[in-house]
Q: 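Structure in structure tokens, see below.
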Amino acid sequence: LTTSSATVFATADNYYGSAPLALDVMEDVSGIEIQMQAGAAPIDSDGDGYIEINNVADLKWLGNSSLFTPLASEFVKLKGNYELTADIDMSGVSDFDPIGDGATAFTGSFAGNGFTISNLTIDRPTESCVALFAHANGASISDLTLSNCAINGNATVAGILAKVTSSSRTTFTSLSHCSVTGSVSSVGGGYVGGIGANFTRVNLENCSSSAAVNSASWNAGGLVGSQTIGTVTNCEATGDVSFSGSQAGGFYGYANSVQFSNCHSAGALSGSGNHTGGFVGYFVNAQATNCYATGANVARGKNAAGFIGYIKGSGSFTHCYSTVTAEDAAFIGSVNGSSNIQHCVWYTGGAGAASNSIGLADPSNVIFTDLAQMKIASNYSGWDFGPKTEENGGYYWSFDSTLNSGFPIYKYHNESSEDKQTCQMNTDGSIQLGFMVEAGKAYCMEYSADMVTWIACGTTIPVSQTDTQITVTDDGE
């Protein structure tokens, strides 16, 4: 070791490769013990600035806080940059320590590189902040799939990241292209979600969860249990949510000063408690644009609604819809403040149809008692059903009978391939194609086994209507 007044330097071949390791010290360095793991630890073998995590031992090393003594109230290991370089199967591993803990945050970056961590089991019913990452602050987690996880804790439980704090108003944690399948549950307290549990200043993009969420208390959501400040873009939650407290939603349980764009919830919501919604349970000074809820809401309690259970402060909604049947209200349960609802559509055939009229004063909003009417583009006045323009950048609403139960979806359309939706080889040797060539109309054609004739297939517009020229290019898929 060499020392100066502010820094301890250690050459740690087993820790960060051959590079010296600088440890900031906020006090007298005398008597400080540095504990290093015997044997090889992961290194940055290719020099790209990321420590490589490629097996079970590497991942356990990152989670094991006993391998390095904390200095200045933070583990140096948790400041690093890491990347997955292979799929990791955690089957049979029962002693995995979450990365970070309730007091010490991960502040580095973790790049999944499209790889999968599968069969992760964490069972800590007496502990809080239980997930792959227990706690983060200003971190980045990207391109990671957590498959078939089984995570259980007392409270603040999630698949990928349990708790996020922020050291300043400008410090944000980011999660992008992350997904979770499996189950997440708490046995004592609340804050439970498929991706995250209790977030402050987080931006999420292109994240999804189909994990079943079970909360013993409040703030339960299919994607995130609770969040204050941030943005959520192109995200989806399809797992069922069960709860035993207030503030639960198919997507988020609680959202304060969060902007939602292009998001979808589809899981069933069951339990008893106040302020529950098919999309968000408790909504504070937040916004939602191009968002939709299509799950089954059987929640009981005050302000149980198809889209948002309760609004405090202000809530703004544009081009959103809900097909959810709710106990108390069809779209919005109650407002303590103000709401701005424009170009929204919702189903009023459920139990709460007649009990609430929030949003009906604006003529741009439309209600239906027949779900079939919500599968027709012309019933969505003022909505963008394409084609691609400079303004929408290729993101717009469309219908696909094979997706989302035939209700509209908001997604990116690659129009260079005529927005092909399906391509399959039938058992008789014929080829079937399905694609969109006109807003709201799904076309399907089949090329016969003799490779001579195009014929109509399914319940679609006959091919004999040849007013639109279609060019199909073989792209190898």
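Note: hydrogens, waters and symmetry copies are ignored here, and every other heavy atom, side chains too, is used. In what follows, residues are counted from 1 in the order of the sequence shown.
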Q: Begin from the C-alpha positions of Y50 and Y82 and carry the test side-chain contact (heavy atoms from CB on, under 4.5 Å) through to its verdict.
A: CA-CA 5 Å; Y50 288 83; Y82 303 91; 5.6 Å; no

Q: Please check this pair: side chain of W383 against backbone of H343, looking for a donor-acceptor N/O pair closer than 3.5 Å.
A: yes

Q: Ignoring hydrogens and geometry beyond distance, is a side-chain donor-acceptor pair present between S174 and N203 at under 3.5 Å?
A: no

Q: Please determine whether side-chain contact (heavy atoms from CB on, under 4.5 Å) holds for the pair I88 and I53, giving the CA-CA distance in whole Å, both sets of side-chain angles, and the decisive distance to 0.1 Å.
A: CA-CA 9 Å; I88 300 177; I53 306 296; 4.0 Å; yes

Q: Where the side chain of S322 meets the backbone of G306, is there a donor-acceptor pair that is under 3.5 Å apart?
A: yes

Q: Do any pairs count as a ring-ring contact (aromatic ring centres under 6.0 Å, His included) and have a residue in residues 145-164, sequence neighbours left out, and if so which ones?
A: none

Q: Any donor and acceptor pair, going by atom type alone, linking the side chain of S265 with main-chain N or O of G278 inside 3.5 Å?
A: yes

Q: Rounded to the nearest 0.5 Å, what separates atom CG in N206 from atom OG in S176?
A: 7.5 Å

Q: Under the side-chain contact (heavy atoms from CB on, under 4.5 Å) criterion, do D97 and K60 qualify, and how do the steps go?
A: CA-CA 7 Å; D97 287 331; K60 290 179 66 177; over 6 Å; no

Q: Could I get the full list of salt bridge (charged side-chain N to carboxylate O under 4.0 Å, His left out) partners for R201, not counting sequence neighbours?
A: none

Q: With side chains defined as the heavy atoms from C-beta onward, is the minimum distance between I141 and C178 less than 4.5 Å?
A: yes

Q: Roughly how far, to the nearest 0.5 Å, is the CG atom of L175 from the CG atom of L144?
A: 9.0 Å

Q: If you measure from CG on N198 to OG1 on T156, what distance do you get to the nearest 0.5 Å?
A: 6.0 Å

Q: Search all heavy atoms of H264 against all heavy atoms of F279 and return the closest pair with its distance.
A: N-CE1, 4.3 Å

Q: Is any side-chain heavy atom of F407 less than 4.5 Å from a side-chain heavy atom of K375?
A: yes

Q: Taking the cut-offs as 6.0 angstrom to the six-membered ring centre and 45 degrees off its axis, would you call K163 and F199 a cation-pi pair?
A: no

Q: Could you tell me whether F317 and F283 have their ring centroids closer than 6.0 angstrom?
A: yes

Q: Verify, without hydrogens or angle tests, whether H413 (side chain) and K411 (backbone) share a donor-acceptor contact under 3.5 angstrom.
A: yes

Q: Looking at side-chain heavy atoms only, is the closest gap between L269 and V324 below 4.5 Å?
A: no

Q: Kindly give the heavy-atom pair with the smallest separation between F96 and L120, and that separation in Å.
A: CD2-CD1, 3.9 Å

Q: Could you work out, with side-chain contact (heavy atoms from CB on, under 4.5 Å) as the rule, every residue matching N365, not counting sequence neighbours?
A: I341, C344, W346, D362

Q: Does some side-chain heavy atom of V284 sit less than 4.5 Å from a side-chain heavy atom of Y254?
A: yes

Q: Got a second to check how far N137's CG is from T104's OG1, nearest 0.5 Å?
A: 11.5 Å

Q: Which atom pair, heavy atoms only, marks the closest approach of V130 to A162?
A: N-CB, 3.8 Å

Q: Is there a side-chain contact between V232 and V224 in this structure, where contact means two heavy atoms from C-beta onward sitting under 4.5 Å apart?
A: no

Q: Applying side-chain hydrogen bond (donor to acceptor under 3.5 Å, both in side chains), can you list everything that pairs with E205, at least two apart in sequence or on another chain?
A: none

Q: Hydrogens and angles aside, do N274 and N303 bring a side-chain donor and acceptor to less than 3.5 Å of each other?
A: no

Q: Looking at S215 and S217, would you say the former's side chain and the latter's main chain have a donor-acceptor pair under 3.5 Å?
A: yes

Q: Measure up the W397 and Y410 rings against each other and bin them: parallel (under 30°), tilted (30 to 60°), perpendicular (over 60°).
A: perpendicular

Q: Is it true that the side chains of Q247 and H275 contain a donor and an acceptor less than 3.5 Å apart?
A: no

Q: What pairs meet the ring-ring contact (aromatic ring centres under 6.0 Å, His included) rule with one or both residues in residues 126-170, with sequence neighbours excluded?
A: F106-F133, F110-F133

Q: To the nearest 0.5 Å, what is the distance between CZ on R124 and SG on C129?
A: 12.0 Å

Q: Using side-chain heavy atoms (C-beta onward) and a distance below 4.5 Å, is Y191 in contact with S128?
A: no

Q: Do the side chain of T173 and the main chain of A139 share a donor and acceptor less than 3.5 angstrom apart?
A: yes

Q: If the condition is side-chain contact (heavy atoms from CB on, under 4.5 Å), which residues does N152 pass it with, not counting sequence neighbours?
A: D123, P125, S185, V187

Q: Closer than 3.5 angstrom, by distance alone: can the side chain of D44 be matched with the main-chain N or O of D48 as a donor-acceptor pair?
A: yes

Q: Tell me every residue that passes ring pair (Phe, Tyr, Trp, His ring centres under 6.0 Å) with Y252, counting only those two or more places apart in sequence or in another chain.
A: F260

Q: Can you name the residues that form a side-chain hydrogen bond (donor to acceptor under 3.5 Å, both in side chains) with S314, not counting sequence neighbours?
A: N285

Q: Please identify each residue that fulfils ring pair (Phe, Tyr, Trp, His ring centres under 6.0 Å) with F172, with sequence neighbours left out.
A: none

Q: State which residues pass side-chain contact (heavy atoms from CB on, under 4.5 Å) with V366; sequence neighbours excluded, sorted by chain then number.
A: V345, F368

Q: Keeping S147 on the side-chain end and S118 on the backbone end, is there a donor-acceptor pair under 3.5 Å?
A: no

Q: For a 4.5 angstrom cut-off between non-hydrogen side-chain atoms, does L84 reach I117?
A: yes

Q: So, does S109 use its side chain to make a donor-acceptor pair with the main chain of N81 at under 3.5 Å?
A: no

Q: Among S270, S242, S244, which residue satisfies the side-chain hydrogen bond (donor to acceptor under 3.5 Å, both in side chains) criterion with N214?
A: S242

Q: Compute whether any side-chain donor of one residue and acceptor of the other, for T233 and T231, lie under 3.5 angstrom apart.
A: no

Q: Once salt bridge (charged side-chain N to carboxylate O under 4.0 Å, His left out) is applied, do any residues pair with E83, and if so which ones, sequence neighbours excluded?
A: none

Q: Looking at V241 and A220, what are the two nearest heavy atoms and their distance?
A: CG1-CB, 4.1 Å

Q: Would F307 and C291 satisfy side-chain contact (heavy atoms from CB on, under 4.5 Å), going step by step from the backbone distance to the final call?
A: CA-CA 10 Å; F307 196 65; C291 295; 4.2 Å; yes

Q: Counting heavy atoms not belonging to Y380, are there more than 12 under 6.0 Å from its OH?
A: yes

Q: Residues in side-chain hydrogen bond (donor to acceptor under 3.5 Å, both in side chains) with Y292, at least two apart?
A: none

Q: For residues E127 and D101, determine if any side-chain heavy atom of one lies less than 4.5 Å from a side-chain heavy atom of the other.
A: no

Q: Determine whether the side chains of N119 and N148 contain a donor N or O and an acceptor N or O closer than 3.5 Å.
A: yes

Q: Can you name the nearest heavy-atom pair linking S210 to T181, along with the distance?
A: OG-CG2, 3.3 Å

Q: Return yes if some donor-acceptor pair links the side-chain N/O of D87 with the main-chain N/O of T116 below 3.5 Å, else return no.
A: yes

Q: Which heavy atom in A197 sits nearest to a heavy atom in A158, and how many Å separate them?
A: N-CB, 3.6 Å

